[in-house]
Amino acid sequence: MVPAALTTASVSGVAGMLAGLALPPRMRGWAVGALTAGVGVAGGASGVAALGGSRWSARLPGLLPLAGVHLAADALSGLFMAVAGAVVVAVAVYGAGYVAGHGSHGFGSRGAQAVLPLFALSLVLVPAAASVSTFVLLWELMALASLLLVLAEHRGRAAVRGAAVWYAVMTQLGLVLLLAGLMVYAAGAGGETFTALRSGTAAMSPTVRGLVFVLTAVAFTSKAGLVPLHAWLPRAHPEAPSAVSALMSAAMVNLGVYGLVRVGFDLLGGGPVWWWLLVMAMGGVSAVYGILQAAMASDLKRLLAYSTSENMGLVVLGVGAAGLFAHAGNEALAGLALAAALLHVVNHSAFKALLFGAAGSVLRATGVRDLDALGGLRARMPLTAGLFAVGALGAVVLPPGNGFISEWLLLQSMIHGLAVPGMTMAIVLPLAVAVIALSAGLAAAVFVKALGVGFFARPRGEQAAAAKESPPPMLIGMGLLAALCAALALVPGLLGEGLDRAVEAAGYAGTQPVSGGGLRVRLDEVSAVFSPLWVVGALVVALGAVVATVRWAGRHRQRRVRARLWDCGGGAPTARMAYTATSFAEPLQRVFDDVLAPEQDVDVTHARESVYLVEWVKFRNRVPDRIEHRLYRPVLELLAAAGRSARRLAGGSVHVYLGYGFFALVALLLVLVVGW
């Protein structure tokens, strides 16, 4: 059943590519959307079957030189395939309406529509790869397809081309590291299939295993958008079409986590403490730094991109904690931490795809991403505002949002891990708890800003004042994701057995942390119990009591008379009197000045008549990405200087070029002689 479903997904992907190339603009969007949805349905069904316990493997010889294509699926693969399939289906429906507003240009062009099904297919197939060659092939297909989609709306937009360059460089550097790590692994294990890698790991030296882990972990965390390898993410995600942003942020970055778990736990079988301390450090820094940058951002899609870096940091923090617990011999806590991380992958995919979809709806209606230029959208786009609120509730990690469940489990694993003896645990786990708590608090501020300033404030521009609701396909796609968020929040037990199998496939005994017939969240090894339905019921009762009390009190008030307040001649409140996204974030900026290092510039222009008279004052405040500023800019400047110096070597003389070739040949011969 599962191979047949993947065959169906592959046929749908190829058919979607041909439809994107051949069909006229009026039919292209719907046909490609339907076939892309077919990829998601078939791939998601394969994942669900694997989560249910159906293990399979297949080999297709001849499609890849010398090796063939090796595919296999277990519950761990199935989890990521199911998530990718669900996101692809919702985004395919959403994308059909999104294309209608872009005509035959940009995301609606032949090239973009032809690449979209292939990108969706790669998202589904990467977790099913069962050999080094197949994995690298599908990984590169995913990278190239996403790069072309990022470039879909490049005409007249230099920012898109710049983002694509950053993304291309970072993703290809990651591919080089991944390829180097897997080649070293395959050479040491004596084979390139995952089965051969597992059986050959025991014969490898600790140094080689450590080298393989570091190389692959850097490549995978780069794809997941972790600090300091995150520079591509806040550029590429905002500039890509919103449907593509949803796929990248809710499905593609997950595969970085998948690779880390597959190689670190399943293939290498775990490792020493320093592996997991490195992983936890990257996860913790990414969680805090990502949400701080999101708090400062006024670009809505850039805010969501940094939020992705934060959530992936929390996921990787859980993965590192699982490795740490496993090394300490506590399999139960290792399984619990890994289950929490995988559950957060699922939850993040649901609410982040919804949030990017809502951001695309706003962008389509207004043409604006800047929160300081939006406002008043609740009245003009009520369905989009409500759907964004559902996604924001999941992102702020408060009940009854779906993100709360997984972060609560992650926090429980860290707290109960304090009972594990050892100085490392005593130092690292309290820091991890602090990171989770701090990121949760900052996430609440971030999405209160996004929702309040962007949707509930007064309109600050003509585009926001003239906004209209998005077409039905976009709303239906977002509605599917909102329903998924609600299901994950209220009945997380639906994932109970499948999540347990995924943890077991990674090499650890499942603890069934999510169980109770889909009604309760249990921790079998510890004494913590949480019931989402009870929480929702209590919130509904409390809200009803507050509303009833307010209405009852209103009946006993004196008759109200409408009159204009004394306002010193100021008139009615205007949009200029309300908080902007920048002013909302200013108190947080003051608190974290040392971390964020904001740049401020005040330019005062005096009147010609007198220096004591000021004509105007210009104030500029900018919060750059400090890591990018301190780490990447010097490297780029050094490379640019080297490039300028290298130009001097190309003087146009053929004789000089022949001299270069002669001396290079002599140097090569000397190296060969000495080496021989």
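In this structure a side-chain-to-backbone donor-acceptor pair under 3.5 Å is missing from Ser222 to Val218. Using modelled atom types, one side-chain atom of Ser309 and one backbone atom of Gly225 make a donor-acceptor pair closer than 3.5 Å. In terms of modelled atom types and a separation under 3.5 Å, the side chain of Lys301 and the main chain of Ala240 share a donor-acceptor contact. In this structure a side-chain-to-backbone donor-acceptor pair under 3.5 Å is present from Arg302 to Pro234. Judged purely by atom type and a 3.5 angstrom limit, Ser307 has no side-chain atom pairing as donor or acceptor with the backbone of Leu303. When atom types are taken as modelled, the side chain of Asn330 and the backbone of Ala326 share no donor-acceptor pair closer than 3.5 angstrom. A distance-only check finds a donor-acceptor pair linking the side chain of Ser286 to the backbone of Val227 [under 3.5 Å].
Taking CG of Leu76 as the start and CZ of Phe265 as the end, the distance is 10.5 Å to the nearest 0.5 Å. A distance of 6.5 Å separates CG in Leu268 from CE in Met204, rounded to the nearest 0.5 Å. Taking CG of Leu233 as the start and NZ of Lys223 as the end, the distance is 10.5 Å to the nearest 0.5 Å. Here the OG1-CE distance, from Thr308 to Met252, works out to 10.0 Å after rounding to the nearest 0.5 Å. Separating the OG1 atom in Thr171 from the CG atom in Leu229 is a distance of 12.0 Å, to the nearest 0.5 Å. Remark: Ser245 OG to His237 NE2 distance equals 7.0 Å, nearest 0.5 Å.
A side-chain donor-acceptor contact under 3.5 Å links Ser131 and Thr134. A side-chain donor-acceptor contact under 3.5 Å links Ser133 and Glu192. Donor-acceptor pairing under 3.5 Å is recorded for the side chains of Ser77 and Asp74. If you check the side chains of Tyr185 and Thr201, you find a donor sitting under 3.5 Å from an acceptor.
Remark: aromatic rings of Trp274 and Phe213 are distant, center separation not under 6.0 Å.
Aromatic ring pairs are classed by plane angle as parallel below 30°, tilted from 30° to 60° and perpendicular above 60°; the pair Phe135 and Phe220 is perpendicular.
Considering only residues two or more places apart in sequence or on other chains, Gln293 meets the side chain to side chain contact (heavy atoms under 4.5 Å, CB included) condition with Tyr289, Tyr306, Leu596. In this view, Asp266 and Arg198, Arg262 satisfy the salt bridge (charged side-chain N to carboxylate O under 4.0 Å, His left out) rule, not counting sequence neighbours.
What you find for Ala9 and Gly43 is that their closest heavy atoms are CB-N, 4.1 Å.
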